[in-house]
Structures are given as C-alpha cells and as structure tokens.
Amino acid sequence: MQAYRASLLHFHADPAFTEKPDDAYAYHEDGLLLIVDGKVHAAGDYATLAPTLPQDVTITDYRGKLLTPGFIDTHIHYPQTDMIASPAPGLLPWLETYTFPTERAFAEPEHAREVADFFLDELLRCGTTTALVYCTVHQDSVDAFFEKAEQRNLRMAAGKVLMDRHCPDFLRDCENNGIRASEDLIAKWHKRGRAMYAITPRFAPTSTEAQLRATGELAQAYPDTFIQTHVSENQDECKWVKSLFPEARSYLDVYDRYGLMRPRAVFGHCIWLDDEDFARMAATGSAAAVCPTSNLFLGSGLFDFEKADGHKVPLSLATDVGAGTSFSMLQTMNEAYKVARLKGSYLPAIRMFYLATLGAARSLQLEGTIGSFAVGAEADFIVLDPQCTPLMARRTGRRESLEELLFALALLGDDRAIAASYAAGQLVHERRPN
C-alpha cells in the first residue's frame, strides 16, 4: 500500500449539470489517497483513513499541495513537437509549410523514437498522464510511440494517420495499405498493457470517399477502438469540404455518412458546427475536443461552450500541439476561460478541472478507469503546487475558496505548478528544485 497526504480533489459529475456545483466533486482539505497495486484503494479525509492504515505503511507528505487525477489531453500530435510555434497566416498554409515536411522525417524509426521520448516526458512534466495522440502515416511512428509509452506504463491512445489525397506523395497512403496497416496496429497494440488504438483519418479533405468508407468499416469491426479526426476548425477548410462533398449537409455529416460517429469518436475543434450538428454528436455519443490555444494561434474561431452544453455534448480540453502553443493543460484552461468570455459565457475553474479529468475520461468512455479517485480506478494522479512561483504563492495565500485556488492555478500556472506526476501509482516525473 502507498499513502499520500495532501488536499484531494476529484469529480463524480459535471459541475455545469448539477443543481449545486458542490455536488459535482469531492474535496478534502486534509486528505489521504491510498494506492494498492497501481489502483485507488481509498480517497478521503486524513483523520478518517489514517487510523485504518497498517503500521508499516509510510505516508508521503504533500501537505500544502493539491492532488488531482492526472490531466487527460484528448487531441494532440506528437510528430508536431518540433514545429510548435511556427508562423503561418492560417490552417491550410500552416499544414503545407510546416506540418507535412516535419512529418516526413517520421519514416525514420530512430527519429520517431527520439521525438516520442521527449514528447512523453513533456506531457508528464505538465501533468498529463493520458492523451489521445496523432502519429503520422508511417506505421513505425505508431510503434515508436507505443513502445515509449509502454516503457513508462502510461495509458495512452494513438493511431496512424490515414491520408490518401491532397497531401504530398511522401505522406500518401496507396490504395488500401493505410487500412491494412491500421488493422495490423490494432492487432499489435490495442489493449496491450495500457495501450489503446485510435483509428485516425486526418480530416475529410485528405481522404478519398473509398478510404472514408473503409475507415468506417474498420471502426465498425473494432467498436472498442477510438476514432479521432478534425472537424469545422477553420472557415476556409469548411468551404473546401463543401466543395469536395457537396451531397453532405455539413462537414460533420461527411463523417456521419461513413459511420464514423459513435461512442469513443472524438472530434477536434468543432468551432463552426450548427445546432443540428451538436444534436447529432450528443445522439451518437461522439465527443468534442476543445483546443483553445490552437484556435487562437491559427485564428480559426471561438468554441461555443454554451451551444455545445445546450445539447449536452461530451466535452474535454485539448492542447492540439503543434498548432497549440503549450503542452500545459493549465495554460489550455487559461485560454479556454478567455474564449468562453469572448463568446459571452463563463467557464468556472471547477468546470475546467472537470473537463481536463473526469470530463475527458467520459469523452473517451473511460470513466472508472482513469480521471477520478473512484475505488478501483488506475492511480494516475498529479501533485499541484500552489506556491510554485512567488506570484502564485502570493495569490493563493489570499484565496478564500476552492474556486479561487483552482482559478489561480489555471490562470497563473504552467509546468512549474506540477510538483510530481504518477502513473499507475509510480512516480514518473518530479519537478527539479530551482
């Protein structure tokens, strides 16, 4: 048994849909988290749980800090690590100028392994213990990613990009080789240890109708895999999709026509969806990954939280590195809050922490596995330090509520706020002293 003493916070409902926000979460100012064999054994008040401990259990003392489930990033591209902060006037020229040339290098397995190593370390440094990850079209890029995640015993979902048109020849799938490679990767990696496979058409314009049809058949054959793609990110992109698929009612409808909307389907961006689109997402159990730093960086638009919530669409937050400008989910919360304000709504910090933990787990159909301190859940958790910087310490020292503490972490925090990250109960990152 492992025991950790600190303040504890985790969720059991969405604060936006509970009669009282306090009913959505459990918070213990002086708490104790107990782990057995990599899973949560108990989480509650220290005064209640401490007397039940066996005498030989050592308590790791994190008092003054806050333990939460590890962050879950539902839309991120590991091959774009080295091109983060690359200038471009918009999404489509950004893809042509930076993305495709950068991804070409992942034909080399050693390069893919080196980037995957750095990428995973960066996620853990920022408190992200699970991510839904895009690899490249290269099968080796997927093997490299899962090998490195397996070494760290991380619960990760990832997949080979499917792309057979409107892209450079060096990144193009030929005939059905992309589908065959995806099926081989599913057989090799899906549910091996903590690995999970995501069927990954890049976005509708880069797949022929034949590939989209075959992708839908693959998704039907393997219903417990994930599906990840992009939708309605940029208005120029939406116009392009309309010209390529004139029979579709909307961009989202393209995917629906090919059987790509279902539970465990996660659509990145979702900025320019209408009410009918959001209603269809809710009806199919499809989830939206909100990518605020990316959307602001590329000038794509502002996600409408109020409209999505009106249809009760499953939501989560995502960094979308490399268009996203930070690996930090705290920095992502910072921009999500501002996006909501610019759209005329308000996103409390308590909701943002829900979206980055249990909300993301629900979007992935992984509630009970990750994203909370429910008994039996995998013990992926992080240690947040409210005194990580002089300004943070000064502000949180004057806080008068949990909401003020979380808001300060979200608006002022970054990787420095992550004192430690744990995966399946094992320490996988510890912040170095200044």
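When reading the values below, keep in mind they use all heavy atoms of this one structure, side chains included, and skip hydrogens, waters and symmetry mates.
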Intermediate values then yes/no, side-chain contact (heavy atoms from CB on, under 4.5 Å), Thr225 and Met196: CA-CA 7 Å; Thr225 59; Met196 307 173 292; over 6 Å; no
Check step by step if side-chain hydrogen bond (donor to acceptor under 3.5 Å, both in side chains) holds for Arg362 and Tyr354. CA-CA 10 Å; Arg362 287 178 165 182; Tyr354 163 82; 3.3 Å; yes
Could you check Asp277 against Ser250 for side-chain hydrogen bond (donor to acceptor under 3.5 Å, both in side chains), going step by step and ending with a plain yes or no? CA-CA 8 Å; Asp277 289 325; Ser250 67; 2.7 Å; yes
Please test Leu296 against Lys338 for side-chain contact (heavy atoms from CB on, under 4.5 Å), starting from the C-alpha separation and ending with a verdict. CA-CA 10 Å; Leu296 293 171; Lys338 297 168 188 174; 5.7 Å; no
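Asp320 and Ser294 share a side-chain donor-acceptor pair at under 3.5 Å. With no hydrogens or angles considered, no side-chain donor-acceptor pair links Glu378 and Thr369 at under 3.5 Å.
In summary, Asp173 and Arg202 do not engage in a salt bridge, as defined by a charged side-chain N under 4.0 Å from a carboxylate O. Using a cutoff of 4.0 Å between basic side-chain nitrogens and carboxylate oxygens, Arg125 and Glu122 are scored as salt-bridged. For Asp121 and Lys148, the salt-bridge test fails: no basic side-chain N is under 4.0 Å from an acidic carboxylate O. With respect to the salt-bridge test (charged N to carboxylate O, under 4.0 angstrom), the residues Asp256 and Arg280 qualify. Note on Arg257 versus Asp253: salt bridge recorded, some NZ/NE/NH1/NH2 to OD/OE distance being below 4.0 Å.
A 6.0 Å sphere centred on OH of Tyr346 holds more than 12 heavy atoms belonging to other residues, nucleotides or ligands. The environment of NZ in Lys312 is sparse: at most 12 heavy-atom neighbours from other residues, nucleotides or ligands sit within 6.0 Å. Around atom CD of Gln220, no more than 12 heavy atoms belonging to other residues, nucleotides or ligands sit under 6.0 Å away. No more than 12 heavy atoms of other residues, nucleotides or ligands shown are found within 6.0 angstrom of CD on Glu19. Within a 6.0 Å radius of CZ in Arg104, other residues, nucleotides and ligands contribute 12 heavy atoms or fewer. Other residues, nucleotides and ligands contribute at most 12 non-hydrogen atoms within 6.0 Å of the CG atom of Asp37.
The side-chain heavy atoms of Val137 and Phe106, taken from C-beta on, include no pair separated by under 4.5 Å. Residues Leu355 and Val290 have side chains not in contact (no heavy-atom distance under 4.5 Å, counting atoms from C-beta outward). Taking 4.5 Å as the limit, every side-chain heavy atom of Pro201 sits out of range of all side-chain heavy atoms of Gln211. Contact annotation: the side chain of Asp309 approaches that of Arg351 to within less than 4.5 Å [non-hydrogen atoms, C-beta and beyond]. The closest side-chain heavy-atom distance from His269 to Val231 is not below 4.5 Å. Between Phe226 and Leu366, some side-chain heavy-atom pair lies under the 4.5 Å cut-off. Side chains of Gln139 and Leu185 form a contact here, defined as non-hydrogen atoms less than 4.5 Å apart. Inter-residue side-chain proximity for Leu171 and Val161 is flagged as unmet; no heavy-atom pair is nearer than 4.5 Å.
Each of Asp275, Val313, Leu273 was scored for a side chain to side chain contact (heavy atoms under 4.5 Å, CB included) with Lys307, with one residue passing: Asp275. With Phe71 as reference, Leu330 is the one residue of Thr319, Leu330, Thr130 to meet the side chain to side chain contact (heavy atoms under 4.5 Å, CB included) rule. Applying the side chain to side chain contact (heavy atoms under 4.5 Å, CB included) test between Val339 and each of Leu302, Asn334, Leu347 identifies Leu302 as the sole match. For the salt bridge (charged side-chain N to carboxylate O under 4.0 Å, His left out) criterion with Arg431, the lone passing option out of Asp385, Asp415, Asp414 is Asp385.
Put simply, OG on Ser300 and CG on Asn234 are 5.0 Å apart, with the number rounded to the nearest 0.5 Å. Here the CG atom belonging to Asn177 is positioned 9.0 Å from the OG atom belonging to Ser182, to the nearest 0.5 angstrom. Here CE of Met329 is found 11.0 Å from CE of Met352. Values are rounded to the nearest 0.5 Å. Rounded to the nearest 0.5 Å, atoms CD (Glu217) and CD1 (Ile179) are 8.5 Å apart. With values rounded to the nearest 0.5 angstrom, Met392 atom CE is found 5.5 Å from Leu412 atom CG. Atoms CD and CG, on Gln151 and Leu120 in that order, are 9.5 Å from each other to the nearest 0.5 Å.
Under a 3.5 Å cut-off, the side chain of Glu403 and the backbone N or O of Ala349 do form a donor-acceptor pair. In this structure a side-chain-to-backbone donor-acceptor pair under 3.5 Å is missing from Ser207 to Ala204.
Here the two rings, on His75 and Tyr134, have centers that are under 6.0 Å apart. The six-membered or imidazole ring of Phe327 lies near that of Phe119, with a centre-to-centre distance under 6.0 Å. Taking the six-membered ring for Trp and the full ring otherwise, the centers of Phe353 and Phe11 sit at least 6.0 Å from each other. Ring-centre distance between Tyr422 and Tyr4: below the 6.0 Å cut-off. In this structure, His111 has its ring center at least 6.0 angstrom away from the ring center of His138.
Considering only residues two or more places apart in sequence or on other chains, Glu175 meets the side chain to side chain contact (heavy atoms under 4.5 Å, CB included) condition with none of them.
Taking the six-membered ring for Trp and thresholds of 30 and 60 degrees, Tyr258 and Phe245 have ring planes more than 60 degrees apart, a perpendicular arrangement. Relative orientation of the Phe278 and His311 rings is parallel, given thresholds of 30° and 60° on the angle between their planes.
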Distance-only donor-acceptor pairs under 3.5 Å for side chains of residues 81-97, two or more places apart:
unit_1 : atom_1 : unit_2 : atom_2 : d
Thr81  : OG1    : Tyr78  : O      : 2.7
Ser86  : OG     : Met83  : O      : 2.5
Thr97  : OG1    : Pro93  : O      : 2.8

